[in-house]
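Bear in mind that the values here come from a model prediction, so they are computed numbers and not experimental data.
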Amino acid sequence: MTLLILLSCGPKKLPDAEAGPSSGWHIERGWSGSCFLPPDFPAIEDTELREKMVADTVRAMVLQWEGSRQDGVNFDGDMSDQVGLLLDKVPERVPQVAADNYELCVEVMRDDVTTSRWGRWVQDLHAELEEDDCPNPLDDTFHTLEVNRGWQLEVELCAGQAYRIKAATTELFQLSKSGDWIGVEGEPELLPPEGAYCREVAGCAWGQLVGRFEGEDGEVELFPIGGEYEGTATQAGMLSLAINDDDHSDNAWRIVEGVQDGVTLEVRPR
């Protein structure tokens with residue numbers, strides 16, 4: 001009878017502790033707060049599930065960095081959001097970033113140290129991801145506008161780059177030898193002629209300063225500028241500027257008492 005009872009009991013089940021904590025928010029006795037333990041990404045064979053877990057991990061880290069967990073961690077909110085957006089572009093980096101983040105969090109929650117080292121790490125990560133995402137960020141750029149040639153300047157923009165374009169409106173030029181004197185605002189009452197760069201886009205006027213942005217996917221966007229314009233690059237690409245005309249060869253700046261008008265275009269980050 002005793003033998004039968006022993007056999008019916010079967011093998012002992014190992015304690016859950018031996019398997020280690022599961023991924024997710026993790027806290028142990030004596031900790032001042034919880035830390036997000038990332039999943040074992042290499043063990044996740046389903047591609048769709050792995051992508052979801054990567055995205056969830058990024059969101060969890062950002063949630064804590066920006067202070068939403070109310071656990072004593074509160075880094076710059078805008079910077080935290082930007083790191084999250086940059087990590088979304090490089091999901092292959094998330095497993096290592098999440099592992100490093102967990103170690104730094106444990107150091108704070110378990111050992112009761114300040115968040116200064118953790119915060120510097122997030123700042124350095126932000127700078128590194130920005131550098132990788134946009135190796136040539138926009139600097140203040142100046143260009144002397146030539147009214148007798150077409151597209152010019154060519155400024156390389158990274159995805160998400162916010163920029164401002166400014167041009168003086170008091171300097172005048174002609175679109176033909178007998179034409180009226182106009183500035184970079186153009187002739188809003190006249191329909192641009194066939195062949196003008198920007199004819200079908202609302203707001204584009206004949207003789208106006210206009211912009212052209214060609215994204216890395218080959219898509220081209222035309223838009224009116226005039227004296228001032230603010231925009232954001234939706235993808236990486238090249239920005240060019242020109243006077244909206246069909247024939248630039250007969251355009252000329254006004255000359256008064258031997259002094260020729262002219263415009264210096266400004267393209268700056270904002």
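One hydrophobic cluster holds both L49 and V58 under the rule that ILVMFWY side chains link at heavy-atom gaps under 4.5 Å. Linking Ile, Leu, Val, Met, Phe, Trp and Tyr residues whenever their side-chain heavy atoms come within less than 4.5 Å places V90 and W121 in a single cluster. The hydrophobic cluster containing F36 does not contain M53, counting ILVMFWY residues as joined when their side-chain heavy atoms lie under 4.5 angstrom apart, directly or transitively. Tracing side-chain contacts under 4.5 Å through hydrophobic residues (I, L, V, M, F, W, Y), one never reaches L265 starting from L222; they form parts of separate clusters. V184 and Y163 end up in the same hydrophobic cluster when Ile, Leu, Val, Met, Phe, Trp and Tyr side chains are linked at under 4.5 Å.
Between P224 and V201 the shortest side-chain heavy-atom distance falls below 4.5 Å. Taking 4.5 Å as the limit, some side-chain heavy atom of W151 sits within range of a side-chain heavy atom of R212. By the 4.5 Å heavy-atom criterion applied to side chains, L157 and L138 are counted as neighbours. Contact of the W181 side chain with the D261 side chain is not registered, since no non-hydrogen atoms from C-beta on lie closer than 4.5 Å. Using a 4.5 Å cut-off on side-chain heavy atoms (C-beta onward), V263 and F173 make no contact. The closest side-chain heavy-atom distance from L125 to V97 is below 4.5 Å. F142 has its side chain within reach of R268: a pair of non-hydrogen atoms, C-beta onward, lies under 4.5 Å apart. Side-chain contact between H26 and C35 is absent, with no heavy-atom pair separated by less than 4.5 Å.
The neighbour count for E48 CD, taken as heavy atoms of other residues, nucleotides or ligands under 6.0 Å away, does not exceed 12. Shown here is R117, whose CZ atom has no more than 12 heavy atoms of other residues, nucleotides or ligands within 6.0 Å. Annotation: Q260, atom CD; neighbour count of heavy atoms from other residues, nucleotides and ligands within 6.0 Å is above 12.
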* List the steps, then state whether side-chain contact (heavy atoms from CB on, under 4.5 Å) holds for E28 with R110. => CA-CA 8 Å; E28 294 186 11; R110 181 191 62 197; over 6 Å; no

* Candidate pair T232 and R270, rule side-chain contact (heavy atoms from CB on, under 4.5 Å), full reasoning -> CA-CA 9 Å; T232 301; R270 63 175 177 88; 3.3 Å; yes

* **Criterion side-chain contact (heavy atoms from CB on, under 4.5 Å) on T57 and Y102, from CA distance to verdict** => CA-CA 11 Å; T57 298; Y102 179 73; over 6 Å; no

* Asked: What's the verdict on side-chain contact (heavy atoms from CB on, under 4.5 Å) for E266 and D140, showing C-alpha distance, side-chain angles and the deciding distance?
  -> CA-CA 7 Å; E266 302 177 17; D140 290 352; over 6 Å; no

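Not one N or O on the side chain of D111 forms a donor-acceptor pair closer than 3.5 Å with the backbone of V113. Side chain of S249 to backbone of D247: no donor-acceptor contact under 3.5 angstrom is found.
A donor and an acceptor atom, one from each side chain of D78 and Q82, are nowhere located under 3.5 Å apart. Of the N and O atoms on the side chains of W206 and D245, at least one donor lies less than 3.5 Å from an acceptor on the other residue. Using a 3.5 Å distance cut-off with no hydrogens or angles, the side chains of N136 and E156 do not pair a donor with an acceptor. At a cut-off of 3.5 Å, with distance as the only test, a side-chain donor of W118 or N101 sits close to an acceptor on the other residue.
Rounded to the nearest 0.5 angstrom, R120 CZ and T115 OG1 are separated by 9.5 Å. Note that CE of M61 and CG of D56 are 11.0 Å apart. Values are rounded to the nearest 0.5 Å. Distance check, rounded to the nearest 0.5 Å: NZ of K166 to CD1 of I225 gives 14.0 Å. For the atom pair CD of Q152 and OG1 of T144, the computed distance is 9.5 Å after rounding to the nearest 0.5 Å. Rounding to the nearest 0.5 angstrom, the gap separating the CG atom in D81 from the CH2 atom in W65 is 10.5 Å. Atom OH of Y229 sits about 11.0 Å away from atom CG of L241, to the nearest 0.5 Å.
Nearest heavy-atom pair across T234 and A159 is O-CB, 4.4 Å. In this structure, R69 and Q64 approach most closely via the heavy-atom pair CG-CA, 3.7 Å. Of all heavy-atom pairs spanning T114 and V108, the tightest one is O-CG2, 3.6 Å. Pairing each heavy atom of G77 with each of E66, the nearest pair is CA-CB, 4.3 Å. Across all their heavy atoms, I243 and H248 have their closest contact at O-NE2, 2.7 Å. Of all the heavy atoms in V210 and C204, the pair that sits closest is CG1-SG, 4.3 Å.
Partner L86 forms a side-chain contact (heavy atoms from CB on, under 4.5 Å) with one of R93, H126, E128 and no other, that one being H126.
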